[in-house]
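Written out below as structure tokens is the structure these notes cover.
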Amino acid sequence: MPPPYVRSAHLDAAEVSWFAPICNGDDRYLGVRDPFYKSSYRNAAQIARTADELGYRNMLLPSSYQVGQDTLTFAAALAPQLRQMNLLTAIRCGEVHPPMLARALATLDHMLLGKLTVNIISSDLPGTTVDSPTRYRKSREVIEILKQCWTQDHLLFKGEFYNLDLPTAPVRPYQQNGGPLLYFGGYSPDGVELCAEHCDVYLMWPETEAKIQALMDNVGAAAGAKFGRKVDFGLRVHVIVRETEAEAIAASQSLMQNIDAEAAEELKNRALDAKSYGVSRQAELRQSADKDGFAEEHLWTGIGRARSGCGAAIVGNPDQVYEKLMRYHAMGIRSFILSGYPHLEECELFARYVLPRLKTCSLPEVLGRWPVGIPDTPLGGGLRV
């Protein structure tokens, strides 16, 4: 049984998501830029539509200033094209005035008919540098303002960074009972406390199962002891699945065959999170791996040689990949955010070999955020304002 601090411990399904490489993160061979895989709207939208058609239940839309597309703009363009898939849109707290951010998210949630989820990122804004405690204090205020906007009749907020007195009718989302779910990934004590207090799903990058369990224990204890809450847990990980294990390993080796170490390092350092503690933990995982790059059975760390952020992949045949995911599920993980290279092809391969065997769900639906009918909001069934 999953630990008691897992909010959806009873759930025998999981939210299985794919990744949209809108931050120029797609290629056939890592470390070598191929214009064919550039982060154009056409390429990224095709991946999203394919994931939706194949039965994935959510899609992470990342955020980065240096490369790629604006997250909310891409999500809005994609919204009318989706059949059943949610969108997990990343927002960098403090980039947009919070009431205007709340309005943008509420509008997008109505466009998606409640299929919006939000990935909270607390990082330096492009061109600025502040200390970690300050970033997290500001992120906390942004989250508290969003929650007031989504759940109360009036916004009255006085804090260190924001002083606001506004009606909330214009920013009411489609989803009810708290608004869109908040996903969060962070390893520092300030980050863990922020998630424990306010967020719904704690996202982790791949590590050994023992270290993942320790992270879950830490966040679960913080949420319960200090705030009387439970949270759910998610894992962001790459995947390489083929008919045989030998073919999957060969595919992982092919992915790295043209890597230019110097060019790859430059690409990694362009990411806004390149110097974060989470990235350093991925480096430690890679350093602990065996000569073939495996940190534990079927967990290959080679991808971290060429990209910042999530740096490991589940590698194996369909049974091996499925069983690895089920081990994570038994630990209490209820959200999987998967990706692979090239993203369209690996999306199709995982859907062919593994996805039909998984019982999937939408967490907003499971957690009661979807209204029974059109909500009583100005953008829904309510009065105009």
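Residue indices begin at 1 and follow the sequence shown.
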Please examine the side chains of [Y] and [X], heavy atoms only from C-beta on, and report whether any two atoms are closer than 4.5 Å.
{"X": "Phe233", "Y": "Leu235", "answer": "no"}
{"X": "Cys199", "Y": "Ile143", "answer": "yes"}
{"X": "Pro21", "Y": "Ile47", "answer": "yes"}
{"X": "Val118", "Y": "Leu181", "answer": "no"}
{"X": "Leu166", "Y": "Phe157", "answer": "no"}
{"X": "Tyr322", "Y": "Gln320", "answer": "no"}
{"X": "Met59", "Y": "Leu61", "answer": "yes"}
{"X": "Ile303", "Y": "Leu255", "answer": "yes"}

Seminar exercise, completed: Quick note, ring pair (Phe, Tyr, Trp, His ring centres under 6.0 Å) partners involving residues 98-118, not counting sequence neighbours, are His110-Tyr174
Between [Y] and [X], is there a salt bridge with N-O shorter than 4.0 Å?
{"X": "Arg137", "Y": "Glu160", "result": "yes"}
{"X": "Arg281", "Y": "Glu207", "result": "yes"}
{"X": "Arg135", "Y": "Asp190", "result": "no"}

Please answer: with hydrophobic residues joined when any side-chain heavy atoms are less than 4.5 Å apart, are [X] and [Y] in the same cluster?
{"X": "Leu60", "Y": "Met85", "value": "no"}
{"X": "Leu116", "Y": "Ile22", "value": "yes"}
{"X": "Ile337", "Y": "Leu87", "value": "no"}
{"X": "Leu325", "Y": "Val201", "value": "no"}
{"X": "Ile374", "Y": "Leu113", "value": "no"}

For this session: Mind checking salt bridge (charged side-chain N to carboxylate O under 4.0 Å, His left out) for Lys38 and listing every partner two or more places apart, or none if nothing turns up?
Result: none
For this session: Quick one: list whatever passes salt bridge (charged side-chain N to carboxylate O under 4.0 Å, His left out) with Arg57, sequence neighbours left out.
Result: none
For this session: Go through the steps to decide whether Thr107 and Met111 satisfy the test side-chain contact (heavy atoms from CB on, under 4.5 Å), and finish with yes or no.
Result: CA-CA 6 Å; Thr107 301; Met111 294 172 68; 4.2 Å; yes
Find the distance between [atom1] ([X]) and [atom2] ([Y]) and round it off to the nearest 0.5 Å.
{"X": "Glu15", "Y": "Leu367", "atom1": "CD", "atom2": "CG", "result": "9.5 Å"}
{"X": "Leu203", "Y": "Cys195", "atom1": "CG", "atom2": "SG", "result": "8.0 Å"}
{"X": "Lys359", "Y": "Asp12", "atom1": "NZ", "atom2": "CG", "result": "3.5 Å"}
{"X": "Ser335", "Y": "His329", "atom1": "OG", "atom2": "NE2", "result": "10.5 Å"}
{"X": "Leu379", "Y": "Leu108", "atom1": "CG", "atom2": "CG", "result": "11.5 Å"}
{"X": "Asp292", "Y": "Ile249", "atom1": "CG", "atom2": "CD1", "result": "7.5 Å"}

Look at the rings of [X] and [Y] and say which category their plane angle falls in: under 30° parallel, 30 to 60° tilted, over 60° perpendicular.
{"X": "Phe19", "Y": "His343", "value": "tilted"}
{"X": "Phe74", "Y": "Tyr41", "value": "perpendicular"}
{"X": "Tyr341", "Y": "His238", "value": "tilted"}

Exercise. Ignoring hydrogens and geometry, is there a side-chain-to-backbone donor-acceptor pair from Asp52 to Leu82 under 3.5 Å?
Worked result: no
For this session: Verify, without hydrogens or angle tests, whether Asp200 (side chain) and Tyr183 (backbone) share a donor-acceptor contact under 3.5 angstrom.
Result: no
Side-chain donor/acceptor pairs under 3.5 Å, residues 209-217, sequence neighbours excluded:
{"residue": "Glu209", "atom": "OE1", "partner": "Arg327", "partner atom": "NE", "Å": "3.2"}
{"residue": "Glu209", "atom": "OE1", "partner": "Arg327", "partner atom": "NH2", "Å": "2.7"}
{"residue": "Glu209", "atom": "OE2", "partner": "Lys324", "partner atom": "NZ", "Å": "3.0"}
{"residue": "Glu209", "atom": "OE2", "partner": "Arg327", "partner atom": "NE", "Å": "2.9"}
{"residue": "Gln213", "atom": "NE2", "partner": "Tyr5", "partner atom": "OH", "Å": "3.3"}
{"residue": "Gln213", "atom": "NE2", "partner": "Asp217", "partner atom": "OD1", "Å": "3.4"}
{"residue": "Asp217", "atom": "OD1", "partner": "Tyr5", "partner atom": "OH", "Å": "2.4"}

Seminar exercise, completed: Only residue of Val6, Leu363, Asp232 satisfying side-chain contact (heavy atoms from CB on, under 4.5 Å) with Leu11 is Leu363
Exercise. With distance as the sole criterion, is a donor-acceptor pair present between the side chains of Ser8 and Arg334 under 3.5 Å?
Worked result: no
Exercise. Ser17 and Arg236: side-chain donor and acceptor closer than 3.5 Å?
Worked result: no
For this session: Determine, stepwise, if the pair Ser63 / Arg92 fulfils side chain to side chain donor-acceptor pair (under 3.5 Å).
Result: CA-CA 8 Å; Ser63 172; Arg92 294 184 180 272; 3.3 Å; yes
For this session: Would you kindly check if the NZ (Lys) or CZ (Arg) of Arg28 is within the cone defined by 45 degrees around the ring axis of Tyr37 and under 6.0 Å from the six-membered ring centre?
Result: no
Exercise. Given Val241 and Asn317, is the side-chain contact (heavy atoms from CB on, under 4.5 Å) satisfied, shown in steps?
Worked result: CA-CA 5 Å; Val241 59; Asn317 65 38; 5.9 Å; no
For this session: Report, as yes or no, whether the 6.0 Å neighbourhood of atom CD on Glu365 holds more than 12 heavy atoms from other residues, nucleotides or ligands.
Result: yes
Exercise. Near Arg83 CZ, under 6.0 Å, is it more than 12 heavy atoms from other residues, nucleotides or ligands?
Worked result: yes
Exercise. Please, which pairs that meet side-chain hydrogen bond (donor to acceptor under 3.5 Å, both in side chains) have at least one residue in residues 161-172, sequence neighbours excluded?
Worked result: Asp153-Arg172, His154-Asp165
For this session: Assess whether side-chain contact (heavy atoms from CB on, under 4.5 Å) is satisfied between Tyr136 and Cys93, documenting all intermediate values.
Result: CA-CA 9 Å; Tyr136 281 112; Cys93 291; over 6 Å; no
Problem set entry | Audit row: Ser362, Asn86, side chain to side chain donor-acceptor pair (under 3.5 Å) steps and yes/no | CA-CA 8 Å; Ser362 165; Asn86 300 334; 3.0 Å; yes
Problem set entry | side chain to side chain donor-acceptor pair (under 3.5 Å) assessment of Thr244 paired with Glu247 | CA-CA 5 Å; Thr244 68; Glu247 288 175 312; 3.1 Å; yes
For this session: Apply side-chain contact (heavy atoms from CB on, under 4.5 Å) to Asp27 and Val32, showing your working.
Result: CA-CA 7 Å; Asp27 270 307; Val32 181; over 6 Å; no
For this session: List the atom of Ala295, the atom of Ser288, and the distance in Å for their closest heavy-atom pair.
Result: CB-OG, 4.3 Å
For this session: Could you tell me which non-hydrogen atom of Val192 sits nearest to which non-hydrogen atom of Gly186, and how far apart they are?
Result: CG2-O, 4.1 Å
Under 3.5 Å, which donor-acceptor pairs do the side chains of residues 348-358 form with other protein atoms, sequence neighbours left out?
{"residue": "Tyr353", "atom": "OH", "partner": "Glu243", "partner atom": "OE2", "Å": "3.3"}
{"residue": "Arg357", "atom": "NH1", "partner": "Asp319", "partner atom": "OD1", "Å": "2.7"}
{"residue": "Arg357", "atom": "NH2", "partner": "Asp319", "partner atom": "OD1", "Å": "3.4"}

For this session: Show the numbers, then the answer: is there a side chain to side chain donor-acceptor pair (under 3.5 Å) between Asp109 and Gln175?
Result: CA-CA 7 Å; Asp109 195 37; Gln175 293 178 72; 2.9 Å; yes
